[in-house]
Amino acid sequence: VGFYLGWIGGPGKGRALGKDQVAAVAPVAPPPQAAIQPAPAGADADRKRPAKQNVLYLNSYQPGYKWSDEIYEGIREVLAGRSDPIVDLQVEYMDSKKYSGPVVRQALFELYKYKFRDTSFSVVMVSDNYAFEFARQYAAELFPGAPIVFCGVNDLQPGMVAGRTDLTGVEERFDLKGTLDLALVQNPGKKRLIVIGDRSVTGIAIANQVRDQLPPYRDRLEWEFWDSYQLEEILGLVERVPADAMIFFIPFYQAIGDRFYSAEEVVAEIGRHSDAPIYTCWDFLVGSGTVGGRVLQGREHGRLAANMALRILDGTPVSDIPMTAPQGELYLFAYNGLTRFHIPESELPMGSEILNKPYYFFRIDPQMFWIIVVALAVLAATLVFLVINISRRRSVEEKIRAQLSFLTLLLDNIPQLVFWKDRDQRYQGANKAFAAFFGLPDPATVVGKTNPEVLPGWWDHAGMAEEADREVMRSE
């Protein structure tokens, strides 16, 4: 006797029975003469293994924001390489740089609750603080049982993750000390630091991280935070900063009227209005009016988080995947910023990269450069040798030509009959007396010819002369 187990809510609803609910069990007769065959080996494992795994990525910002675009590229690069099973990555942009607050957050919750009511996710990935806070608040209801992998989260406090065994990720912890130490070496007269940011969720978190790293500089620097000004006010203030000041820029958006200025546009405007050097710890801001610094790379954060997600998809418990906080090893600088503030490349750390530096021939690989130099030297020496050799050859040819001209003139002016042949008895030349004696129009007509051809009417005499010529050649 077979049995059919009915699901509450009807077939296809995907909702399991509650603990207080009873399933209806009805007998079902097996088909006539049905033979029960054992399942082939591995069939259960194949049925359990999904053909596709759903991964949701909540991006705090919007397409076009370079930092989160780089995070997404890093995530996509890693997940796209998985083929068994494949990963179906769904991306949701929360646009918090432009629209945030309790009303918007509640609206996003209602949207996702409706949108994903019939969808389950194997992993939920979030980037930056807004999406992280949203997931902490709503993930249990929106995505029950789904592990959370975060990246790009600033000012991560122990209480935010205490007791959470379903959460791991990559903290965005930048190296302000490495950047400030270098800035003070490059600008020895600076004694004031101005930190420019905003009051967004991420801006406040980054400012807290900056404050945590500043106390060791209390005897060397004075600092102030500009995080409540509009862009027009900031531009007016930076034009009047003292000569001993430098700026640390926290990435933020700014709205002016109906236009939104990206972080790159904001820092570029500040750079155009300020005579103070601007430093930062994010790679996408270098080259937009800043000098540079020890930077974080969004793509690397995305890769690290995606690799954590793959481990979870492969069955590793979230609790076995520790959180990480790489500070970034890359020192990145803008060529225009270095030249503007007269900072020599010799003062940059070993291995630093410089953006937009003019390309010079000698910047190629040193080994290749010296190979080319040696090859050019060899070619130049060969060319000089050939030129000298050709010059000498031409000189010798001129001398020979002069000698031949003299000999020709001499032979043409003596009365004796003179001619010369090769070993095959063919004439190679004759003087004018020879041609005149035998009635030839020009001495050159004898070249390459034999006696019968040159002297057809003088064969008896020619035969005797030819025998005498052979005797002379044999005697040599």
Participant: Do Leu348 and Leu338 come close enough that some side-chain heavy atom pair is under 4.5 Å?
Facilitator: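 The answer is yes; the side chains approach within 4.5 Å.
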Participant: Is a salt bridge present between Lys357 and Glu345, judged by a nitrogen-to-oxygen distance below 4.0 Å?
Facilitator: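 So Lys357 pairs with Glu345 through a salt bridge.
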Participant: When you check the side-chain N and O atoms of Asp155 and Gln157, is any donor under 3.5 Å from an acceptor?
Facilitator: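 Yes, Gln157 and Asp155 have a side-chain donor paired with an acceptor closer than 3.5 Å.
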Participant: Do the side chain of Ser200 and the main chain of Gly203 share a donor and acceptor less than 3.5 angstrom apart?
Facilitator: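 A pair under 3.5 Å: yes.
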Participant: Okay, side chain of Arg240, backbone of Gly236: is any donor-acceptor separation there less than 3.5 Å?
Facilitator: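 Yes; at least one donor-acceptor contact below 3.5 Å.
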Participant: Check Pro242 against Arg192 and note the closest heavy-atom contact, atom names and distance.
Facilitator: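 Heavy atoms of Pro242 and Arg192 come nearest at CG-NE, 3.5 Å.
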Participant: So do the side chains of Ile75 and Val55 get within less than 4.5 Å of each other, counting heavy atoms only?
Facilitator: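 A side-chain contact under 4.5 Å is absent here.
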Participant: Are Arg394 and Glu398 ion-paired here, with the side-chain N under 4.0 Å from a carboxylate O?
Facilitator: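 Glu398 and Arg394: not salt-bridged.
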Participant: Show the numbers, then the answer: is there a side-chain contact (heavy atoms from CB on, under 4.5 Å) between Met350 and Tyr331?
Facilitator: CA-CA 9 Å; Met350 185 70 67; Tyr331 282 94; over 6 Å; no
Participant: Would you say that Ser274 contacts Ile247 through its side chain, given a criterion of any heavy-atom pair below 4.5 Å between the two side chains?
Facilitator: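 Yes. Closest side-chain heavy atoms under 4.5 Å.
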Participant: Nearest 0.5 Å, what's the CD1-CD distance between Ile312 and Gln53?
Facilitator: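 One gets 11.0 Å once the value is rounded to the nearest 0.5 Å.
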Participant: Compare every heavy atom of Pro188 with every heavy atom of Val185, then report the nearest pair and how far apart it is.
Facilitator: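 Val185 and Pro188 have their closest heavy atoms at O-CD, 3.8 Å.
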Participant: Would you say the side chain of Glu353 lies within less than 4.5 Å of the side chain of Phe333, judging by non-hydrogen atoms?
Facilitator: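 Side chain of Phe333 against side chain of Glu353, heavy atoms only: no contact under 4.5 Å found.
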Participant: Hey, could you give me the OG1/CG distance between Thr290 and Asn336, rounded to the nearest 0.5 Å?
Facilitator: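 If we round to the nearest 0.5 Å, Thr290:OG1 and Asn336:CG are 10.5 Å apart.
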Participant: Start with the C-alpha gap between Asp283 and Arg299, add the side-chain angles, then the distance that decides, and say whether side-chain contact (heavy atoms from CB on, under 4.5 Å) holds.
Facilitator: CA-CA 10 Å; Asp283 65 338; Arg299 188 182 297 266; over 6 Å; no
Participant: Could you go through the salt bridge (Lys or Arg N to Asp or Glu O under 4.0 Å) check for Lys190 and Asp244 one step at a time?
Facilitator: CA-CA 4 Å; Lys190 304 301 181 183; Asp244 63 349; over 6 Å; no
Participant: How are the rings of Trp67 and Phe284 set relative to one another: parallel (under 30°), tilted (30 to 60°) or perpendicular (over 60°)?
Facilitator: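 Aromatic pair Trp67/Phe284 classed tilted.
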Participant: If you round to the nearest 0.5 Å, how far is OG1 of Thr324 from CE of Met308?
Facilitator: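 Going from the CE atom of Met308 to the OG1 atom of Thr324 covers 5.5 Å.
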Participant: If we ignore hydrogens and angles and just use 3.5 Å, is the side chain of Arg173 paired with the main-chain N or O of Pro326 as donor and acceptor?
Facilitator: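 Between the backbone of Pro326 and the side chain of Arg173 there is no qualifying donor-acceptor contact (under 3.5 Å).
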Participant: Just so I know, are the side chains of Asp95 and Asn59 near enough to count as touching, which here means a heavy-atom distance under 4.5 Å?
Facilitator: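 Asp95 vs Asn59: side chains apart.
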Participant: Please lay out, stage by stage, how Ser127 and Tyr57 fare under the test side chain to side chain donor-acceptor pair (under 3.5 Å).
Facilitator: CA-CA 8 Å; Ser127 65; Tyr57 170 38; 2.8 Å; yes
Participant: If only atom types and distance count, is the side chain of Asn54 paired as donor or acceptor with the main-chain N or O of Ser120 below 3.5 Å?
Facilitator: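 Yes, because the side chain of Asn54 sits within donor-acceptor range (under 3.5 Å) of the backbone of Ser120.
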Participant: Please check this pair: side chain of Ser352 against backbone of Pro349, looking for a donor-acceptor N/O pair closer than 3.5 Å.
Facilitator: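 Yes, because the side chain of Ser352 sits within donor-acceptor range (under 3.5 Å) of the backbone of Pro349.
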Participant: Would you say Thr280's side chain and Phe249's backbone share a donor-acceptor pair under 3.5 angstrom?
Facilitator: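 Confirmed, Thr280 side chain pairs with Phe249 backbone.
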Participant: Looking at His273 and Glu269, would you say the former's side chain and the latter's main chain have a donor-acceptor pair under 3.5 Å?
Facilitator: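 Here the side-chain-to-backbone pair exists.
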Participant: Does a side-chain N-to-carboxylate-O contact under 4.0 Å join Glu265 and Arg259?
Facilitator: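 Here Glu265 pairs with Arg259 in a salt bridge, since their nearest N and O are under 4.0 Å apart.
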Participant: Taking Leu313's backbone N and O only, do any of them form a donor-acceptor pair with Ser122's side chain (distance below 3.5 Å, no angle check)?
Facilitator: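 No, Ser122 side chain to Leu313 backbone: no donor-acceptor pair under 3.5 Å.
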Participant: Quick one: pull up OG in Ser96 and CG in Leu58 and give me the separation to the nearest 0.5 Å.
Facilitator: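 The CG atom of Leu58 is 11.5 Å from OG of Ser96, to the nearest 0.5 Å.
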Participant: Apply the test side-chain contact (heavy atoms from CB on, under 4.5 Å) to residues Phe174 and Asn154: give CA-CA distance (whole Å), side-chain angles for both, the deciding distance (0.1 Å), then the verdict.
Facilitator: CA-CA 9 Å; Phe174 53 91; Asn154 298 94; 4.3 Å; yes
Participant: Is any side-chain heavy atom of Leu330 closer than 4.5 Å to one of Gln297?
Facilitator: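 Sidechains of Leu330 and Gln297: in contact.
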Participant: May I ask you to decide if the ring planes of Phe134 and Tyr112 are parallel, tilted or perpendicular, using 30° and 60° as cut-offs?
Facilitator: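 Geometry flag for Tyr112 against Phe134: perpendicular rings.
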Participant: Establish, from distance only, whether the side-chain atoms of Thr316 and Asp314 form a donor-acceptor pair under 3.5 Å.
Facilitator: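 Judged by distance alone, the side chains do not pair up.
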Participant: Main chain of Tyr335, side chain of Thr339: is a donor-acceptor contact present, judged purely on distance under 3.5 Å?
Facilitator: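 It does hold such a pair.
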Participant: Taking C-beta and beyond as the side chain, do Glu92 and Lys115 meet within less than 4.5 Å on heavy atoms?
Facilitator: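 Heavy-atom side-chain distance check passes, below 4.5 Å.
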Participant: Taking all heavy atoms of Ile148 and all of Ala139, pick out the closest pair and write down the distance.
Facilitator: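 Minimum heavy-atom contact is CD1-CB, 3.6 Å.
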Participant: Taking the six-membered ring of Tyr114 as reference, does the cationic atom of Arg117 (NZ for Lys, CZ for Arg) lie under 6.0 Å from its centre and within 45° of its axis?
Facilitator: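 Geometry flag: set, cation within 6.0 Å and 45°.
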Participant: With a 6.0 Å cut-off (strictly less than), is the heavy-atom count around CD of Glu347, excluding the residue itself, greater than 12?
Facilitator: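 Counting neighbours around CD of Glu347, more than 12 heavy atoms of other residues, nucleotides or ligands fall under 6.0 Å, so yes.
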Participant: Taking atom types as modelled, find out whether Trp282 and Glu172 have a side-chain donor-acceptor pair closer than 3.5 angstrom.
Facilitator: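 There is such a pair between these side chains.
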Participant: Less than 3.5 Å apart, any donor N or O on the side chain of Tyr229 or Gln254 sitting next to an acceptor on the other?
Facilitator: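 Absent: no donor and acceptor within the cut-off.
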Participant: Provide the closest heavy-atom pair for Gly292 versus Val286 in the form atom of the first, atom of the second, distance.
Facilitator: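 Shortest heavy-atom contact: CA-CG2, 4.0 Å.
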Participant: Grab the two heavy atoms, one from Val291 and one from Gly337, that are nearest each other, plus how far apart they are.
Facilitator: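 Here Val291 and Gly337 meet closest at CG2-O, 4.3 Å.
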Participant: Could you measure the distance from the CG atom of Asp128 to the SG atom of Cys151? Nearest 0.5 Å is fine.
Facilitator: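 Here the rounded value is 7.0 Å.
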Participant: When you check the gap from the basic side-chain N to the acidic O, do Glu264 and Lys66 get nearer than 4.0 Å?
Facilitator: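 Here Glu264 does not pair with Lys66 in a salt bridge, since their nearest N and O are not under 4.0 Å apart.
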Participant: Will you find, in the side chains of Asn187 and Tyr279, an N or O donor that is under 3.5 Å from an N or O acceptor?
Facilitator: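 There is such a pair between these side chains.
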Participant: Give a yes or no on whether the backbone of Val318 and the side-chain of Thr168 come within a donor-acceptor separation of less than 3.5 Å.
Facilitator: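 No.
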Participant: Take a 6.0 Å sphere around NZ of Lys177 and say whether it holds more than 12 heavy atoms from other residues, nucleotides or ligands.
Facilitator: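 12 or below, so no.
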Participant: Look up atom CZ in Arg392 and atom CD in Glu397, then write down how far apart they are to the nearest 0.5 Å.
Facilitator: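 Going from the CZ atom of Arg392 to the CD atom of Glu397 covers 14.5 Å.
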Participant: Between Arg105 and Tyr130, is NZ or CZ placed under 6.0 angstrom from the six-membered ring centre and within 45° of the ring axis?
Facilitator: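 So Arg105 does make the cation-pi contact.
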Participant: Could you tell me whether Tyr253 and Tyr61 have their ring centroids closer than 6.0 angstrom?
Facilitator: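 Ring-ring flag for Tyr253/Tyr61: false, centres at least 6.0 Å apart.
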Participant: Does the side chain of Asp181 come under 3.5 Å of the side chain of Tyr217 through a donor N or O and an acceptor N or O?
Facilitator: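 The answer is yes; a qualifying pair exists.
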Participant: Looking at Ser60 and Asn129, what are the two nearest heavy atoms and their distance?
Facilitator: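 Result for this residue pair: OG-N, 4.2 Å.
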Participant: Would one find more than 12 heavy atoms of other residues, nucleotides or ligands at under 6.0 Å from atom CZ of Arg220?
Facilitator: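 Result for CZ/Arg220: open.
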Participant: Thinking salt bridges, do Glu110 and Lys113 make one under a 4.0 Å N-O criterion?
Facilitator: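 Result for this pair is no, no salt bridge flagged.
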